[in-house]
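To start, the structure under review is shown below, and the notes come after it.
What you see is a predicted model; the values in this text were computed from it and never measured.
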Amino acid sequence: ETGVTQTPRHLVMGMTNKKSLKCEQHLGHNAMYWYKQSAKKPLELMFVYSLEERVENNSVPSRFSPECPNSSHLFLHLHTLQPEDSALYLCASSQEVGGPSTDTQYFGPGTRLTVL
Amino acid sequence: QKEVEQNSGPLSVPEGAIASLNCTYSDRGSQSFFWYRQYSGKSPELIMSIYSNGDKEDGRFTAQLNKASQYVSLLIRDSQPSDSATYLCAVKALNAGNNRKLIWGLGTSLAVNP
């Protein structure tokens, strides 16, 4: 596989379920991101991992729990979600080398999440 | 609050015409600028990146950056129906507190009519 992959591509869950989203990047990058994309809203950055360490968390509710076991894999654990959490969840990766001319992010295909 | 503004559209152009997409940003310290294309139901894919004032051309696409006026634009020459998508502008500030954070616009919807 090449690029950034995400599974599952579609997920329907009830509010009491626990599920996990998986992301894998095959680009040799050292930073990974979770974004949420809802209708009529700009992309919302949820979490950033650089060198497997979480470096940013934009005040995301605790019902979303990220995990980054290594630089190629990223998970988003979901529990007791709300219907308003229904959205497209995108994973991205980039190579962090510093300076203003870096940090092009490459996206996976996304997981379309529906919370009933 | 750092912001990136785009006209949501839809921008409708005939096939073969030039499509012009514009983006303004609020943070004067911004250093990196990106245009992504997103087809309906798909994820964003990078079209162009630009870092210096002026024009940058790649095939039918030209990105234009004017830091003094704080705008970046994307021109698509010889527009094709396959160019119909939402175009997202993203801007990274030099000292955003975290170099990895991009500020995203809402996107401009482009429709190229055969």
Is there a chain of hydrophobic side chains (I, L, V, M, F, W, Y, each step under 4.5 Å between heavy atoms) that links [X] to [Y]?
| X | Y | result |
| --- | --- | --- |
| A:Tyr89 | A:Phe75 | no |
| B:Ile103 | B:Leu88 | no |
| A:Phe64 | A:Met13 | yes |
| B:Phe61 | B:Leu46 | no |

Interchain contact, A:Gln37 with chain B, by part (heavy-atom threshold 4.5 Å): side chain

Top contributor to chain A interface from B:Glu45, B:Gln38, B:Gln6 [non-hydrogen pairs under 4.5 Å]: B:Gln38

Spatial distance of atom OH (A:Tyr35) from atom CG (B:Leu102) [nearest 0.5 Å]: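 It comes to 4.5 Å.
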
What's the shortest heavy-atom distance between [X] and [Y], and which atoms?
| X | Y | result |
| --- | --- | --- |
| B:Ser43 | A:Leu90 | CB-CD2, 3.5 Å |
| B:Leu106 | A:Lys41 | CD2-C, 3.2 Å |
| B:Lys42 | A:Leu88 | O-CD2, 4.2 Å |

B:Trp104-A:Phe107 aromatic ring centre distance below 6.0 Å: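 Here the rings of A:Phe107 and B:Trp104 have centres that are less than 6.0 Å from each other.
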
Whether over 12 other heavy atoms sit under 6.0 Å from B:Lys56 NZ: yes

More than 12 heavy atoms of other groups within 6.0 Å of A:Leu27 CG: yes

